Every structure is written in structure tokens, then in C-alpha cells.
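Order of the sequence lines sets the chain letters (A, B, ...), proteins ahead of strands, with each chain counted from 1. Values in this document were obtained by computation on a predicted structure and should not be read as measured data.
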Amino acid sequence: MLDIKLLRQDPDAVTAALAKRGGAFSVEAILEEDGKRRALVHEMEQLRAEQNVASQAIGAAKKAKEDASEAIAAMKGIKDKIAALEEQVRTVDAMLTDLLLRLPNLPDESLPEGLDERANREERVWGEVPEYDFEPKDHVALGEDLNILDFECAAKLTGARFCLGKGAGARLERALINLMLDMHTGTHGYTEMLPPFMVNSDSMRGTGQLPKFAEDSFKIEDTDYWLIPTAEVPVTNIHRDEILKDADLPLYYTAYTPCFRSEAGSHGKDTRGMIRQHQFNKVEMVKFVRPEDSWHELEKLTQNAEAILQALKLPYRVMTLCTGDLGFSAAKTYDLEVWLPGQNAFREISSCSNFLDYQARRANIRFKRDKKPEFVHTINGSGLAVGRTLVAVLENYQQAGGSVKIPDVLRPYMGGLDAITPS
RNA sequence: GGAGAGGUGGCCGAGUGGUUGAAGGCGGCGGCCUCGAAAGCCGUUGUGCGGUUCCCCCGUACCGGGGGUUCGAAUCCCCCCCUCUCCGCCA
């Protein structure tokens, strides 16, 4: 959520910044509601002040055994006026809040401007794109030939966009989760969390999934529970409605969770394999930091995600998302794109974002160092999307005969196994 | 799922219709005392919104959440949520 005061002070700057995202956002309507609200609140509070004074006088009179019936009768009218104003304030307030919640974050100045991913800026490339003296297979062919991934069976169990991991495939996924968590907790300084995989609507609103993107997530029927689309939701909301101590900051959390996404609107996109699934595993990193540290902390968090790819020796590049490709709540995002020989392309495997105080405002996460509480800044990123990492390992480590070498760093997690071979 | 108990300020804990934003204690902060510390003593100690000479003050709201009764509600009524105990069920 943006600061309403910023909209009041400089509506033109806000409008201009939002326009870079490509959509049409009306700041004017919000300011109109805001003005209405303030006038109503002022009027209501003046009446209340009057009422409070009168009520005290009535109390005093009754104590002194005096007749207060006239004063009581006089207050009857004011009560209805207040009630009517309360109702109006409620309506305007709800309207204003809804409008504000539907306004995305302002893109940072440093972003390249553009409407879609073609305008994203490449920051750096790591590793060498591998060359093969044979035709490399994609992960679907590899997985099925090795009998470690079964999409057909998953379709029987559930439907499209699911995958059954089998044997070494299941274990490889688990190994990757453990490697990531061990690196983040062991050398990057994060505290591991294991949150609920369902959250309520308040949490979804806190991180920005609601009210605008309800259709992207799965909701459990007859409840207020949502399947989490990312661990960002429960982990960021850990400190919802809290005032942290200055000494508590910065807080670094990491969490493994499955993620559930409806993928509404992506029909026909990435239908093959496990690139785009309704359920996938992810290890997430979430930071709560002081405002002045957030840009530096974003760089560090991005490097923490890169460290996993480097440990696995997977080639990747870092992209800065342009203004039009930026997510709703983010001010700036780096995408890590891993090289996939099966697609002959770089594909997103991590998204690391600085939200500034946007989520903190929504979720009301503050800290106190002087008199007045301040909003923290939140930062998060995938470290990494596990399913896509498994895809990358299979495709990048494939051998001529269809076997897949296990990256050195994963072998301890695989019981010493050095390769997955056709049985 | 059934029965019961309970949710009050950072924490513990009083309060059951009228200066109660809320006693008391703990903790925190400031001061006195001290060579220093502890103990002791004194003072202070929330958040949102609105107004404003913009953190100084004023107003208003907040005692799990939402409605209601009343001139007036932490206190009475209704609904919901959560926690605890017992039973049932279950991993």
C-alpha cells in the first residue's frame, strides 16, 4: 500500500510513476474519497466530543441526585446524527481502502522502462553455457527415460500440471531442498521457518495477493483458507501487526514450502514438463530490514540465491525487470534465469524483490527506534524454485547415454550416488 | 465434533454501566544516591485517525474481532475468532 500522504502531497509524481507500469491508475478518485473521509471524520468527532462532555455532566448530575432527564433527552438527537455519520465514514473508508489496496507499488527509478520482458536489462552472466556432442534431451524425456518423473501418472492422480517424482527423482528434489536450506541457514545467516501451507485472507492481503489477484490462488471451499502461492505469504505475515524492536533488525528467514498456483491465464504456456505446475516446491528467503538498508540487503539476498546456482555449477544470468514486467507489490526485482539446454534458453528460477514499505504498510509491520514507530522494509526472493532447479540439473548434467551426473555438492544428500542411470 | 473455562497495555494481573487509556506489580527509559554497581527512592512509559504553530498540543477511537442496548460500555446482550482443560476422533 502506498502512503496516502504521498498521494496528497504529489499526486502528479505518483501518477507518472504508476504510468510506467503500463496500466491506468486513477489517483484522483482516491484523493476525492480521502477528502470526503476527512471531512466526515472531523464532523463526527466534533459531535462525539460534544456528546462526551454532556454524558459526563449527566453522570455528575445523577451522582448529585439532580434531575438530568432534560440533558438526556437533548443527547438523543445527537446520537442518531453520530450514527449516520459513522455509517458514512464506514462506507467511504471501505471504498478508500479498497482503492488503495488495488494500487501497485511505485517502480524504482533505476528500472529500465518498458512494457514487457523484452525491456528487461541483463546485469551479468555466470558460468559457461555447455556444449554437447550429442542432441541434448529436455527434462521430460530424461525424467521419463530414467523413470524418475511421471507426468502421466500425476495426471491420473490429479490432473494437468502436476508431476510425480519417483525414486532418485524424488530424492533429488529432497536433496536440493536440503542443500538450499543448509546453505541459507549455515552460511547466509537465515533462520529456518516451517510455516502453514494455508493462510487466511488477512495474510493474503498483507503481501498483496488480495484483493486483486484472487483468481491466481486456490481457495479451500467453505473456509477462509488459501493454499499459499509462495512462502512469502506466511513468512512475511509472521510479523503482521507487530512493532519490532530496533535491535531485532535485520531479520532473515528462510522456508521450504510447496507453492500452489492456479496459473489462470497461462493456458497453453509451458504445458510440457514441470516448468509451470499447479504445485511446486520452493525455498524462499524473506528479510525485514531498516529502510536505509533495504537496497543493500536486496543485493545480498540476490547473491544468496546466486550462491546456490554457483554451488550447483549451473550457468545463469541476472536480469533487472523493467517497469512493465515488475510484480504488483515490488519496487525492484532481479530475476535469476538458469540455462536450460532442453529449451536452449535461459528460464526464470528465482525472483528477488525489494518491496520497500509497501508490504509493511499493508501488513502493518513496524519497528521502533525513536518516538514514532516506522514501517520496516521487506525483501524476498526464491532461493530457489526447487522444481526448476531439478529441471536444470537434469538437463545440464545429462550425459551422452541418457544418464545424469549428480553435482558434487549434492552427492552427500544423495547417499553418495554419483549418477542416475537408466535401469 | 461434544462439554466447560478464558481472552485487559511489552509481560503478569485488578476492574463488572459514569474523569478508567484503564489500579497494582514486573520490565523499559530518565533522574537521585554511589568511586562504580546492586539495592532503594522519585519521575516517566501504548497505538491509529483527524486538527494543528506537525510531534508540542487539542480532539477522537482502541480492553480478541464485529454488531447491538444506553445520555454514557472494558463492564450488559448477540454473532464470530482464538487459547486452555476434559471427552470423542485421529497422525
Side-chain angles (χ1 to χ4, degrees), chain A residues 1-10 30-101 194-206 210 219-226 234 237-249 251 258 288 357 359-376:
Chain A
M1 196 151 64
L2 297 177
D3 187 356
I4 184 80
K5 289 186 191 116
L6 185 65
L7 305 204
R8 285 178 201 154
Q9 276 163 21
D10 205 345
I30 293 174
L31 288 176
E32 201 182 308
E33 290 300 312
D34 179 51
K36 260 196 253 174
R37 181 182 164 275
R38 282 195 285 174
L40 288 168
V41 164
H42 190 69
E43 198 184 338
M44 177 179 73
E45 291 193 344
Q46 276 187 330
L47 287 176
R48 274 191 181 150
E50 211 179 300
Q51 184 188 42
N52 286 342
V53 170
S55 288
Q56 271 188 24
I58 291 167
K62 286 212 164 182
K63 222 171 211 170
K65 306 276 189 211
E66 288 164 19
D67 178 43
S69 54
E70 204 172 302
I72 289 173
M75 281 303 102
K76 289 231 176 199
I78 228 178
K79 195 191 154 198
D80 292 340
K81 275 195 231 164
I82 291 172
L85 280 167
E86 263 176 358
E87 181 56 37
Q88 288 183 62
V89 168
R90 242 199 304 271
T91 308
V92 172
D93 217 31
M95 185 95 78
L96 181 62
T97 304
D98 187 67
L99 286 170
L100 274 175
L101 286 176
L194 185 60
F197 300 160
M198 296 184 210
V199 294
N200 58 33
S201 293
D202 285 339
S203 294
M204 291 285 276
R205 202 158 18 246
L210 291 181
K219 180 149 191 215
I220 310 295
E221 212 172 344
D222 299 325
T223 71
D224 186 40
Y225 297 161
W226 299 77
N237 278 281
I238 287 172
H239 295 297
R240 171 152 51 84
D241 292 323
E242 287 184 10
I243 301 175
L244 301 163
K245 294 195 198 80
D246 183 51
D248 293 339
L249 300 179
L251 287 167
F288 303 83
D357 62 357
Q359 288 183 326
R361 257 175 220 288
R362 288 178 159 252
N364 195 27
I365 307 167
R366 293 171 295 172
F367 77 107
K368 204 168 167 175
R369 54 181 159 189
D370 296 313
K371 281 205 176 101
K372 205 148 168 72
E374 304 167 59
F375 289 106
V376 301

Next on the checklist: Each nucleotide in nucleotides 43-55 of chain B should get exactly one letter: B, S or -. Can you fill that in based on protein heavy atoms under 4.0 Å?
Outcome noted: ---SSSBSS---B

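To the nearest angstrom, C1' of B/G66 lies 13 Å from CD of A/E87. To the nearest angstrom, P of B/C80 lies 18 Å from CG of A/N200. Atom CG of A/D67 is separated from atom P of B/C71 by 14 Å (rounded to the nearest Å). Between the P atom of B/G28 and the CG atom of A/D246 lies a distance of 17 Å, rounded to the nearest Å. Rounded to whole angstrom, the span from the CD atom of A/Q51 across to the P atom of B/U70 amounts to 13 Å. Spacing between atom CZ of A/R240 and atom C1' of B/G65 amounts to 13 Å, rounded to whole angstrom units. As rounded to whole Å, 11 Å separates atom C1' of B/U20 from atom CD of A/Q56. Distance A/E50 CD to B/U60 P: 11 Å, rounded to the nearest Å.
The side chain of A/K245 places no N or O atom within less than 4.0 Å of a non-bridging phosphate oxygen (OP1 or OP2) of B/G10. Phosphate contact (OP1/OP2 of B/G59, side-chain N/O of A/Q46, threshold under 4.0 Å): absent. A sub-4.0 Å separation between OP1 or OP2 of B/G72 and a side-chain N or O of A/N52 is absent. Contact annotation: A/K62 does not reach the phosphate of B/G18 (side-chain N/O to OP1 or OP2, under 4.0 Å).
B/A22 is unpaired under the criterion used here, namely a Watson-Crick or G-U wobble arrangement in which both key atom distances are under 3.5 Å. Checking B/C86 for Watson-Crick or G-U wobble geometry (two distances, each under 3.5 Å) identifies B/G2 as its partner. Nucleotide B/U69 forms a pair with no other nucleotide shown, judged by Watson-Crick or G-U wobble geometry with both contacts under 3.5 Å. Judged by Watson-Crick or G-U wobble contacts below 3.5 Å, the nucleotide B/C29 has B/G43 as its partner. Nucleotide B/C35 is matched to nothing when pairs are restricted to Watson-Crick or G-U wobble geometry with both distances under 3.5 angstrom. In this structure B/U75 sits in no base pair that meets the Watson-Crick or G-U test at under 3.5 Å. With a 3.5 Å ceiling on both atom-pair distances, the Watson-Crick or G-U wobble partner of B/G59 is B/C49.
A salt bridge links A/D34 and A/R38; the closest N-O separation between the charged side-chain nitrogens and carboxylate oxygens is under 4.0 Å. Salt bridge status for A/D202 with A/R205: present, with a side-chain N to carboxylate O gap under 4.0 Å. In summary, A/R48 and A/E45 do not engage in a salt bridge, as defined by a charged side-chain N under 4.0 Å from a carboxylate O.
The gap from the C1' atom of B/G9 to that of B/A74 amounts to 12 Å, rounded to the nearest Å. Comparing the same atom, C1', in B/G6 and in B/C63 gives a spacing of 15 Å after rounding to whole Å. When the C1' atom is compared between B/U53 and B/C41, the two are found 39 Å apart, to the nearest whole Å. Distance noted for atom P between B/G66 and B/A73: 15 Å (whole Å). Comparing the same atom, C1', in B/A39 and in B/U45 gives a spacing of 22 Å after rounding to whole Å. Across the P atoms, B/U44 and B/G25 are found 13 Å apart, a figure rounded to whole Å. Nucleotides B/G2 and B/C11 are separated by 32 Å at their P atoms, to the nearest Å. Taking atom C1' on both nucleotides, B/A37 is separated from B/G51 by 48 Å, rounded to a whole Å.
No hydrogens or angles considered: nothing links the side chains of A/N200 and A/D224 as a donor-acceptor pair under 3.5 Å.
Side-chain atoms of A/M75 lie closest to B/C71 of the nucleotides B/U60, B/G67, B/C71.
The 5' end of RNA chain B is approached more closely, in terms of each residue's nearest nucleotide, by A/A60 than by the other of A/M44 and A/A60. Both A/K76 and A/E86 lie near RNA chain B, and the one whose nearest nucleotide falls closer to the 5' end is A/E86.
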Checklist entry - Hey, mind stepping through A/L101 and A/M1 against side-chain contact (heavy atoms from CB on, under 4.5 Å) and telling me if it holds? => result CA-CA 6 Å; A/L101 286 176; A/M1 196 151 64; 3.9 Å; yes

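For the pair A/D3/A/F375, no side-chain contact is recorded, criterion being any heavy-atom separation below 4.5 Å from C-beta on.
Residues A/R366 and A/V376 come closest through the heavy atom pair C-CG1, 3.9 Å. Closest non-hydrogen pair, A/I243 versus A/P373, comes out as CD1-CG, 4.3 Å.
Backbone-only contact: A/A49 has heavy atoms under 4.0 Å from sugar-phosphate atoms and none from a base.
Residue A/R37 forms a side-chain contact (heavy atoms from CB on, under 4.5 Å) with just one option from A/I4, A/T91, A/L96, and that option is A/L96.
Counted within 6.0 Å of CD on A/Q51, heavy atoms from surrounding residues, nucleotides or ligands total more than 12; the atom is thus considered enclosed.
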